[in-house]
Amino acid sequence: MAKVLLLAASGLARETIESIAQTGDHEVVGLLDDNAALHGSELGGIPVLGPLDIAAQRTEQLLLCVGKSVARAAVAARLGLPESRYATHVHSSVFLGASTQLGTGSIVLAGCVATANVKIGRHSVLMPHVLLTHDDSLGDFATLAAGATLAGNVRTGDRVYIGSNSTVRENLTLGDDCVLGMGSALLQDIPPGQTWAGAPAQLLYGPTSMQPGTDARHTRV
Ligand SMILES: CC(C)(COP(=O)(O)OP(=O)(O)OC[C@H]1O[C@@H](n2cnc3c(N)ncnc32)[C@H](O)[C@@H]1OP(=O)(O)O)[C@@H](O)C(=O)NCCC(=O)NCCS
């Protein structure tokens with residue numbers, strides 16, 4: 001069983017530890033996090049070994065467990081490690097149709113479904129019970145929170161964040177770095193970098209990205 005380090009001692013890491021333990025596809029041997037106060041402590045019984053930058057000197061495979069899309073992409077860019085260093089984790093309860101393409105470094109938690117001809121980019125995170133239907137295509141570093149549902153032929157750019165229990169109508173396009181708030185019903189395309197929310201979803205902020213948990217500020221409209 002391949003040994004793996006989780007990058008960021010986050011809530012997502014805590015969930016991934018449980019998911020890997022139940023699935024038995026890897027052995028989690030440690031966490032890395034830049035918060036020095038966590039070094040030497042444990043999360044879910046797994047030790048926090050040191051800062052993210054020591055990943056380059058380690059031999060284990062890696063999984064990025066930074067919960068927010070933009071921040072996760074920034075850590076990957078900062079580390080600059082080859083894709084071959086990264087693992088991929090899919091919980092044993094997940095249904096991926098045979099035609100699914102799943103990018104390296106992705107984490108797919110319990111109960112997710114991808115029906116037919118679905119493409120999921122690199123380092124994406126699908127939280128529990130995400131539903132992707134026919135011909136959906138996610139860019140790299142996508143984050144879909146628990147229960148998000150995409151109808152058929154939805155296309156996203158890179159680093160999108162789709163909030164929990166939100167639903168996207170078929171044939172829509174979501175640009176790079178956009179955010180859809182939790183519980184939303186999206187009925188039209190979202191241009192790059194905008195945050196939409198509500199049912200029906202409406203523009204909250206634009207045009208710069210404002211993802212939950214990041215420091216980027218935005219122009220309120
Ligand atoms: C959309 C979102 C990113 C906005 O966060 P924010 O920038 O901190 O915005 P605020 O909470 O200050 O809200 C700004 C306005 O948008 C409204 N709003 C925020 N989220 C909303 C949502 N999901 N649906 C409808 N309206 C929403 C607020 O009521 C507020 O309106 P007001 O200005 O009239 O009072 C955030 O609310 C959200 O939905 N995040 C996803 C959460 C999630 O799915 N977490 C899963 C973790 S596993």
Side-chain angles (χ1 to χ4, degrees), residues 6-20 22 31 33 43-44 63-75 89-91 93-94 105-114 120-121 123-132 136 138-151 154 156-169 172-221:
L6 305 187
L7 305 187
S10 60
L12 173 60
R14 184 72 187 86
E15 294 180 333
T16 302
I17 291 166
E18 292 271 349
S19 185
I20 288 176
Q22 203 171 59
L31 297 127
D33 195 289
L43 183 72
L63 275 173
L64 289 165
C65 288
V66 178
K68 309 309 178 198
S69 304
V70 168
R72 192 161 65 251
V75 168
H89 168 64
V90 178
H91 186 264
S93 66
V94 167
S106 294
I107 297 170
V108 185
L109 296 179
C112 292
V113 171
I120 301 163
H123 300 288
S124 294
V125 172
L126 306 188
M127 295 181 186
H129 292 278
V130 165
L131 174 56
L132 301 174
D136 288 336
L138 304 177
D140 296 335
F141 297 98
T143 306
L144 275 64
T149 296
L150 271 52
V154 170
T156 84
D158 295 331
R159 300 172 300 278
V160 300
Y161 186 99
I162 299 181
S164 54
N165 288 315
S166 53
T167 303
V168 179
R169 187 176 184 166
L172 295 185
T173 299
L174 290 74
D176 291 344
D177 302 300
C178 71
V179 176
L180 181 63
M182 58 189 176
S184 298
L186 183 68
L187 304 179
Q188 59 192 97
D189 293 347
I190 304 183
Q194 292 190 347
T195 295
W196 287 51
Q202 297 182 318
L203 176 64
L204 291 186
Y205 322 120
T208 57
S209 65
M210 173 57 188
Q211 298 214 351
T214 72
D215 291 326
R217 296 313 302 177
H218 50 265
T219 306
R220 190 71 184 271
V221 291

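Values reported hereafter were calculated over all heavy atoms of this structure, with side chains retained and with hydrogens, waters and symmetry mates removed. Throughout, numbering of the chain's residues begins at 1 and tracks the sequence. Both counts, for ligands and for their atoms, begin at 1 and track the order of listing.
Remark: the backbone N or O of Val160 is paired with a side-chain donor or acceptor of Ser69 at under 3.5 angstrom. The backbone N or O of Gly121 lies less than 3.5 Å from no partner atom in the side chain of Asp140, so there is not a single donor-acceptor pair. A donor-acceptor contact shorter than 3.5 Å links the side chain of Asp189 to the backbone of Thr173.
Of all the atoms in ligand 1, the ones that sit under 4.0 Å from a non-hydrogen atom of Gly198 are 24 (N), 25 (C). Each of the atoms 48 (S) of ligand 1 lies under 4.0 Å from some heavy atom of Met127. For ligand 1, the atoms lying closer than 4.0 Å to a non-hydrogen atom of Gly163 are 44 (O).
Considering both main-chain and side-chain atoms, Tyr205 comes within under 3.5 Å of ligand 1 through a nitrogen or oxygen pair. Backbone and side-chain nitrogen or oxygen atoms of Ala197 are examined, and none is located within less than 3.5 angstrom of a nitrogen or oxygen of ligand 1. Remark: ligand 1 and Ser164 share an N or O pair separated by less than 3.5 Å (distance only, no angle test).
The part of Ala145 lying near ligand 1 is the side chain, judged by heavy-atom distances below 4.0 Å.
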TODO: With side-chain contact (heavy atoms from CB on, under 4.5 Å) as the test, would you mind laying out the steps for Leu186 and Val154 before giving the verdict?
DONE: CA-CA 11 Å; Leu186 183 68; Val154 170; over 6 Å; no
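Residues Arg72 and Leu7 fail the side-chain proximity criterion, which asks for heavy atoms closer than 4.5 Å. Side-chain atoms of Val179 and Tyr205, non-hydrogen and from C-beta on, never get closer than 4.5 Å to each other.
For the pair Ala146 and ligand 1, no heavy-atom separation below 4.0 Å is found. Within the 4.0 Å heavy-atom cutoff, Tyr161 counts among the residues contacting ligand 1.
Leu109 and Val94 make their closest contact through O-CG2, 3.2 Å (heavy atoms, listed as atom of the first residue, atom of the second, distance).
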